[in-house]
Amino acid sequence: MNASLSYAHLNAAAQTFGTPLYVYHAEKIEQQYQNLLTQFELTQTRFFYACKALTNIHILKVIKEMGCNIDCSSINEVKLALHVGFLPSNILYTSNSVGFDEISTAVELGVHVNIDSLSNLEKFGQQFGASKAVGVRIRPDVMAGGNLKISTGHDKSKFGIPVAQMDALKSIQEKYKINVRTLHIHTGSEIKDVAVFIKSAEVFDTLLPHFPTVEVLDFGGGFKVPYEPGEQGTDMALLGAEVNKAMKQLSEKYGRNLIAWFEPGKFMVSEAGFFIAKVNVLKTSGSLTFAGLNTGLNHLIRPMFYDAYHHIDNLTNPDKPLKQYAVVGNICETDTFAWDRAIPTIEEGDLLVFYNAGAYGYEMASNYNARFKPAQVLYQNGEAKLISRADQFEDLLTLQVPL
Ligand SMILES: *Cc1c(COP(=O)(O)O)cnc(C)c1O
């Protein structure tokens, strides 16, 4: 069964809570996680939800209650994870260009930490020596992912310690007797090609002889999910089979019980999220018809930020004949969601729904143009609950200090 919310569910939420509105579906998140659990050999695999995709604490609780671990990108995400009750041993902090104070705070809190620069590794050695285990993020110099802005493993990427600098890494490790427990590689987002993950396993294979204390091979996240109708995501059955095999081989080759970690963000929540907006204005110009919405790139920046595709449907009139539209926002900036898209014929006042809105949607929203951030709603057991309210006018002033 494919967990999904119907037009009726989405229309009911819009009716009750108004628009623009983010709506999430707990059962779909659970289904994604169950899918992972069935594909991988669980005695040698652990999953950490990359929570930067969506950090609302009620979503984090759903994740925690499923038994999933959590991956954080900032010390504040670590604190949010602790706040909702994740045990430190189930929290991973994968840092990038952070001050060492964040790393030392995370280590003191007892969470797993991946370090991604020689500079911070040296500071870790100075402060903790061999007393705490740590992970190192390697940049494998592999090009992968949906596009350059979401690729992180190539040889011009800021992420990780370049694989060419392994001698320097090794000498810092030896100098301070650092207990390197984890090798980490995250090459980007929307990686459809299973071979990219196997390439990571090959890089790990070259490094393992030099790091006898390593027990964990962290493959990062980046699984692709379908965006366009009929599109395929990463073949998780194939990925599971290939990784299971590679992990078994590496464990045997090095005589260690190696564990694979994964950090799926988008995979866990993208398809569980819907963004609903109202058509304020229809405007024609030559052959173009603009549908102008009561939202903009302030609420969903992915199309303008990195050309992300979001499927758009007419919630109010899903059965009308298709017509071509440019779907645009209300921000004083070009904020086009779709340039030339077939959508069931739109009338002013209709509600449109954007699919795949669970990951990096609300999370990247802002108050640009002094507009309110939208509310968020969670459907669980058929019931819609408000999990964060929309801004009100006073919210725009709360952080501003009277002089
Ligand atoms: C963003 C990120 C992820 C999650 O990426 P998705 O494409 O959302 O799966 C995982 N690991 C790290 C280190 C990240 O920065």
Side-chain angles (χ1 to χ4, degrees), residues 24 29 32-33 35-36 40 45-55 59-60 63 68-78 81 91-98 102-103 106 111-117 120 134-140 142 144-154 157-161 182-194 196-197 200 216-227 233-234 236 239 243 260-273 301-302 305-310 356-364:
Y24 309 111
I29 298 174
Q32 292 297 97
Y33 185 55
N35 184 7
L36 292 178
F40 289 84
T45 319
R46 271 177 88 181
F47 301 100
F48 296 75
Y49 165 56
C51 73
K52 73 177 191 282
L54 182 58
T55 56
I59 300 293
L60 299 188
I63 298 279
C68 186
N69 309 287
I70 187 163
D71 176 45
C72 301
S73 298
S74 73
I75 196 69
N76 291 338
E77 286 184 358
V78 171
I91 301 174
L92 169 62
Y93 178 26
T94 301
S95 63
N96 168 249
S97 296
V98 304
E102 284 202 16
I103 290 174
V111 312
H112 306 284
V113 176
N114 288 330
I115 289 182
D116 101 323
S117 66
N120 271 333
V134 75
V136 288
R137 180 172 184 170
I138 310 294
R139 194 191 72 190
V142 170
N147 64 52
L148 189 61
K149 283 189 190 156
I150 55 173
S151 294
T152 56
H154 57 83
S157 166
K158 68 164 184 165
F159 294 96
I161 301 168
T182 302
L183 297 175
H184 173 281
I185 292 178
H186 170 74
T187 50
S189 199
E190 292 180 26
I191 301 166
K192 183 153 184 267
D193 186 1
V194 168
V196 169
F197 293 96
S200 296
V216 175
L217 303 179
D218 183 340
F219 290 79
F223 308 150
K224 178 164 172 46
V225 294
Y227 275 79
T234 309
M236 299 309 292
L239 179 66
V243 168
W261 285 7
F262 285 95
E263 304 157 355
K266 194 172 285 178
F267 181 83
M268 297 289 283
V269 295
S270 175
E271 295 163 277
I301 201 173
R302 301 184 72 253
F305 188 17
Y306 36 56
D307 296 324
Y309 177 99
H310 285 269
N356 287 94
Y360 310 109
Y362 184 87
E363 210 56 32
M364 289 188 179

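In listed order, ligands and their atoms are each counted from 1. Any value given below was found using the heavy atoms of this structure, including those in side chains, with hydrogens, waters and symmetry copies removed.
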### Mutual orientation of the aromatic rings belonging to Phe262 and Phe219 [parallel < 30°, tilted 30-60°, perpendicular > 60°]
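Judged by the thresholds at 30° and 60°, the geometry between Phe262 and Phe219 is parallel.
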
### Query
Less than 6.0 Å separating the ring centroids of Phe305 and Tyr360?
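For Phe305 and Tyr360, the ring centres are not under 6.0 Å apart.
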
### Query
If you measure every N/O of Glu190 against every N/O of ligand 1, is any gap under 3.5 Å?
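No, since none of the N or O atoms of Glu190 sits under 3.5 Å from an N or O of ligand 1.
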
### Message
Tell me whether Glu263 has any N or O atom under 3.5 angstrom from an N or O of ligand 1.
### Response
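Yes, there is a polar N/O contact under 3.5 Å.
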
Counting from 1, what ligand 1 atoms have a heavy atom of [X] closer than 4.0 Å?
X: Ala50; result: 3 (C), 4 (C), 10 (C)
X: Lys266; result: 6 (P), 8 (O), 9 (O)
X: Gly265; result: 4 (C), 6 (P), 8 (O), 9 (O)

#### Entry: Heavy-atom closest contact (Leu60 atom, Cys51 atom, distance)
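Residues Leu60 and Cys51, closest heavy atoms: CD2-CB, 3.9 Å.
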
### Message
So, 4.0 Å and heavy atoms of Tyr360: is ligand 1 close enough to count as a contact?
### Response
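Under 4.0 Å: yes for Tyr360.
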
### Task
For ligand 1, note which part of Asn114 has a heavy atom under 4.0 Å away: side chain, backbone, both or neither.
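For Asn114, there is no contact with ligand 1 at all, from either part.
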
### Query
Which protein non-hydrogen atom lies closest to atom 7 (O) of ligand 1, naming both residue and atom, and how far is it?
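The protein heavy atom lying closest is Ser189 OG, 2.3 Å.
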
### Query
How close does the nearest protein non-hydrogen atom get to atom 9 (O) of ligand 1, and which residue and atom is it?
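Answer, as residue, atom name and distance: Gly222 N, 2.8 Å.
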
### Query
Which is closest to atom 2 (C) of ligand 1 in terms of heavy atoms, Arg137, His184, Lys52, Met268?
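Looking at heavy atoms only, the winner is Lys52.
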
### Message
Would you say Thr94 and Asp71 are linked by a side-chain donor-acceptor pair, where the criterion is simply a distance under 3.5 Å?
### Response
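Indeed, the side chains of Asp71 and Thr94 share at least one donor-acceptor pair under 3.5 Å.
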
### Task
Take Lys266 and Ser189 through the test side-chain hydrogen bond (donor to acceptor under 3.5 Å, both in side chains) and record every step on the way to the result.
CA-CA 8 Å; Lys266 194 172 285 178; Ser189 199; 3.1 Å; yes

### Task
Applying side-chain hydrogen bond (donor to acceptor under 3.5 Å, both in side chains), run through Thr55 and Glu363 and close with a yes or a no.
CA-CA 7 Å; Thr55 56; Glu363 210 56 32; 2.5 Å; yes

### Query
Within the distance-only criterion (no hydrogens, no angle test), does the side chain of Asn69 pair as donor or acceptor with the backbone N or O of Phe47 below 3.5 angstrom?
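Judged by distance alone, yes, a pair lies under 3.5 Å.
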
